[in-house]
Undergrad: 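One structure, as structure tokens, below. Some questions next.
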2 protein chains.
Amino acid sequence: MEEPRKRARPGRAPAPAGRTSRPRQAEVARLAGVSQATVSLVLGARKQGATISEETRRKVLDAVRALGYVPDPAASRLAAARNNLLGVFSFTSTFPTDVQHSYYPFLVGVEQEAAARGYDLVLFTGSSTGGAGAAGPNALARVRLADGCLFLGRHAPAEELRRLVADGFPVVHLGRRDELEGLAWVGADYISASQEVVAHLAALGHRRIVLVREDDEAPASTDREHGFLKGLEEAGLPGGPAAVFRSADPERQLTAERLRGWLDEGVTAFVAEETDTGDAWRALHGAAHFVGIDCPRDASLALLGSPPPDLAEEPVPTGFDIPRPQLGAAAVRMLAALVSGEEAAEPLVACTFRPGSTAGPAPARY
Amino acid sequence: MEEPRKRARPGRAPAPAGRTSRPRQAEVARLAGVSQATVSLVLGARKQGATISEETRRKVLDAVRALGYVPDPAASRLAAARNNLLGVFSFTSTFPTDVQHSYYPFLVGVEQEAAARGYDLVLFTGSSTGGAGAAGPNALARVRLADGCLFLGRHAPAEELRRLVADGFPVVHLGRRDELEGLAWVGADYISASQEVVAHLAALGHRRIVLVREDDEAPASTDREHGFLKGLEEAGLPGGPAAVFRSADPERQLTAERLRGWLDEGVTAFVAEETDTGDAWRALHGAAHFVGIDCPRDASLALLGSPPPDLAEEPVPTGFDIPRPQLGAAAVRMLAALVSGEEAAEPLVACTFRPGSTAGPAPARY
DNA sequence: GTGACTCACTAATGCGCATTAGTAATACGC
DNA sequence: GCGTATTACTAATGCGCATTAGTGAGTCAC
């Protein structure tokens with residue numbers, strides 16, 4: 001009969017010498033004369049479960065102080081099956097050289113809210129730079145290392161996102177994204193905000209209002225139009241296709257003649273949507289200036305969003321501001337809710353009305 | 001004889017139902033028809049040790065892709081390996097509302113370099129916001145989750161940093177920090193840059209140059225003075241205490257009279273250090289303007305750094321720029337070196353000379 | 001005084017991974 | 001044909017902590 005060979009102990013190599021290892025819970029336990037589990041219980045401070053006598057607690061805490069014990073976060077997280085990490089993934093560099101186009105305003109809110117909830121953030125880099133985790137079909141695989149992940153920008157590939165969602169991985173998209181079944185998102189409430197701007201104009205006596213928008217189908221655009229029309233309807237003003245102008249290259253441009261035509265037809269207020277480029281507002285603003293309109297005496301202008309940086313110095317446009325930090329915070333709240341399995345939070349964030357100085361009472365009818 | 005009671009299995013509760021947990025190496029192994037150890041070996045890609053057949057490797061990698069496996073950073077870290085995560089810790093909010101004071105320019109470089117090297121970044125939040133990882137004596141414990149950590153800002157508490165360093169945890173401080181034995185740091189080479197500015201002025205024929213600085217002992221200040229004096233010496237110009245003016249509230253201010261006095265003594269060029277507030281440059285600039293100096297005809301000015309934002313529109317000051325993104329990148333390089341145990345990288349980053357328009361040939365002697 | 005209960009604590013276990021001794025299978029040398 | 005390498009893998013182990021079933025001592029009720 002063969003005797004089983006004695007096996008040596010495989011596994012960990014001894015800790016590299018020279019490196020002072022920090023004290024473990026076991027050492028604390030030894031010094032305090034209790035078990036490691038007791039140390040964990042004392043430090044964990046769980047609301048329910050085992051009770052610890054005051055004396056034992058003090059002995060343990062004394063030992064902790066005496067040894068300068070610091071918990072190993074890797075071990076805690078491994079044992080607790082969470083790591084308190086929220087991912088942030090963007091397909092352009094998170095910190096672009098051109099600050100103008102960055103996600104900075106969002107990140108302000110993301111950081112604050114994450115901190116308030118005790119999460120740290122993992123920034124997944126190399127999405128654009130071709131670094132380690134460059135493109136490839138599994139570019140998004142890495143995000144699973146966090147408890148959940150926030151996606152910035154509209155370029156997140158649907159297929160991969162769907163995959164994450166299907167696996168039950170908590171994902172939140174910053175910006176509305178309806179086409180992807182089950183994808184959580186947070187976005188600004190453009191509908192209500194646009195409606196409010198129209199209501200403001202209506203209250204100032206304007207009876208004919210035109211929306212100038214670009215010719216795309218982004219949710220951000222259609223929402224604004226939706227809210228605009230809703231605002232007209234609620235004020236009892238004429239809506240319909242005539243109230244909306246979709247500029248399209250090159251035939252349908254917002255020219256000075258067109259603007260004059262509207263004025264002749266009795267239009268007294270114009271609303272432009274905000275776009276990446278700010279072109280709608282720029283065109284409207286430019287045409288009004290060209291025609292010689294004294295704004296807001298002759299006619300009122302409003303902008304559904306913020307002006308492009310180069311027009312920021314002009315008189316502040318009446319309209320609304322997109323609360324980007326709050327959006328970031330709301331995204332984190334939703335993600336945190338998903339991670340902890342709570343009910344999903346509110347996806348819509350209200351925009352704040354900006355009085356501005358480009359809207360005034362409607363000119364007297366003659 | 002008492003039979004030992006059969007113990008139930010304590011330990012982990014079963015994973016919460018409903019939520020599909022991420023795949024583990026064990027699942028990958030099952031799908032690939034190999035052992036968990038083999039999966040680890042394939043993924044670990046350690047240079048030495050076991051060899052893996054090409055076929056097995058492919059099977060494993062296929063399974064990894066199929067399941068979307070991603071290693072758990074806490075587990076890798078606990079098992080004494082790396083997790084490809086670099087920490088970034090700042091004691092003020094990383095994304096402050098006031099963009100002016102942010103670390104943004106550094107982060108640009110940090111992100112790029114980290115991406116290029118295949119690291120993701122963990123932003124440790126809550127240092128200022130009083131969130132989960134708020135102050136307390138162990139605010140820094142969390143950073144141990146990452147392979148190493150970058151510290152921004154001068155407020156990192158020495159005691160805790162010392163502790164991390166003593167434990168052999170890779171730490172890099174952005175900004176010179178000599179007082180802490182063994183702390184790695186990267187910083188701008190103010191000495192060489194300041195010296196270069198003086199050399200430039202000397203080459204323009206200036207023979208008497210005065211440095212205006214504030215009265216503190218920050219390394220950034222003393223380095224500039226050091227470089228300034230070195231530059232004078234190298235050009236064979238008079239140095240000594242007379243060449244340096246330390247403004248101090250409220251007695252010693254840079255007044256117009258004082259400036260006139262220097263001019264009368266034959267000083268033709270003035271150099272200010274950059275400070276947080278930009279006060280040195282503002283005072284120098286203001287006094288020169290008040291006295292009616294036509295710069296650079298009557299006298300030359302130079303700034304050891306960048307002007308404060310409110311003076312950015314003025315004629316560009318001759319001086320140097322602090323390459324913040326490069327500093328961030330250098331910090332990451334150093335941290336990566338520490339993490340992988342390589343030789344430490346270069347701690348000093350060169351500043352770039354900025355010709356500007358406030359320095360010209362010395363006025364003719366009369 | 002015996003069961004039921006509470007209290008305070010400990011033993012045992014596993015989280016997911018990296019590591020290494022061991023092993024089976026095949027190739028090689030002479 | 002038998003020892004020795006080499007190759008390709010697996011079993012076993014532990015990292016430091018959180019968790020929970022279990023244990024023993026004490027308290028209480030009837």
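In what follows, every chain begins at residue 1, and chains take the letters A, B, ... in the order their sequences are listed.
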Undergrad: Once you round it to whole Å, what is the distance between P of dC17(C) and CD of Gln25(B)?
TA: 5 Å
Undergrad: Think Gln36(B) has a side-chain N or O under 4.0 angstrom from the OP1 or OP2 of dA12(D)?
TA: no
Undergrad: What's the CZ-P distance between Arg57(B) and dC9(D), to the nearest Å?
TA: 10 Å
Undergrad: How would you list, by chain and number, every residue that makes a side-chain hydrogen bond (donor to acceptor under 3.5 Å, both in side chains) with Arg176(B), sequence neighbours excluded?
TA: Asp178(B), Asp223(B)
Undergrad: Test of understanding: with salt bridge (Lys or Arg N to Asp or Glu O under 4.0 Å), list the residues that count as partners of Glu181(B), not counting sequence neighbours.
TA: none
Undergrad: Taking the basic N atoms (NZ, or NE/NH1/NH2) and the acidic carboxylate oxygens, is any pair closer than 4.0 Å for Glu160(B) and Arg162(B)?
TA: no
Undergrad: Without decimals, in angstroms, what is the distance between Leu78(B) CG and dT13(D) C1'?
TA: 13 Å
Undergrad: Between dG16(C), dG16(D), dT10(C), which one does the side chain of Ala79(A) approach most closely?
TA: dG16(D)
Undergrad: Take atom CZ of Arg144(A) and atom P of dG16(C), then tell me their distance rounded to the nearest Å.
TA: 14 Å
Undergrad: From the set dC17(D), dC17(C), dT19(C), return the single nucleotide nearest to any side-chain atom of Ala37(B).
TA: dT19(C)
Undergrad: Could you check which of dG16(D), dG16(C), dA8(D) has an atom nearest any side-chain atom of Ser53(B)?
TA: dA8(D)
Undergrad: Among residues at least two apart in sequence or on other chains, which ones pass ring pair (Phe, Tyr, Trp, His ring centres under 6.0 Å) with Phe151(B)?
TA: Phe89(B)
Undergrad: Tell me: CD of Glu54(A) to P of dA8(C), nearest whole Å?
TA: 10 Å
Undergrad: Excluding sequence neighbours, so at least two apart, what forms side-chain hydrogen bond (donor to acceptor under 3.5 Å, both in side chains) with Gln326(A)?
TA: none
Undergrad: Taking the nucleotide of DNA chain D with the nearest heavy atom to each, does Ala75(B) or Lys59(B) sit closer to the 5' end?
TA: Lys59(B)
Undergrad: Between Thr51(A) and dA8(C), does any side-chain N or O lie under 4.0 Å from OP1 or OP2?
TA: yes
Undergrad: So which nucleotide from dA18(C), dC17(D), dT19(D) ends up closest to the side chain of Leu41(A)?
TA: dT19(D)
Undergrad: Please determine if Asp62(B) and Lys59(B) form a salt bridge, counting it only when a charged side-chain N lies under 4.0 Å from a carboxylate O.
TA: no
Undergrad: If an axis is fit to five pairs at each end of the helix from dG1(C)-dC30(D) to dC30(C)-dG1(D), what is the angle between the two, to the nearest 10°?
TA: 50°
Undergrad: Starting from P on dC9(D), measure out to CZ on Arg30(B) and report it in whole angstrom.
TA: 19 Å
Undergrad: Expressed in angstrom and rounded to an integer, what is the separation of Leu43(A) atom CG from dC17(D) atom P?
TA: 9 Å
Undergrad: Quick one: label Val39(A) by what it contacts on the DNA or RNA (base, sugar-phosphate, nothing), any heavy atom closer than 4.0 Å.
TA: nothing
Undergrad: Which residues pass the side-chain hydrogen bond (donor to acceptor under 3.5 Å, both in side chains) test with Arg144(B), not counting sequence neighbours?
TA: Asp167(B)
Undergrad: For the pair made of CD in Glu55(A) and P in dC9(C), what is the distance, rounded to whole Å?
TA: 8 Å
Undergrad: Looking only at side-chain atoms of Thr56(B), point me to the closest of dT19(C), dA8(D), dC17(D).
TA: dA8(D)
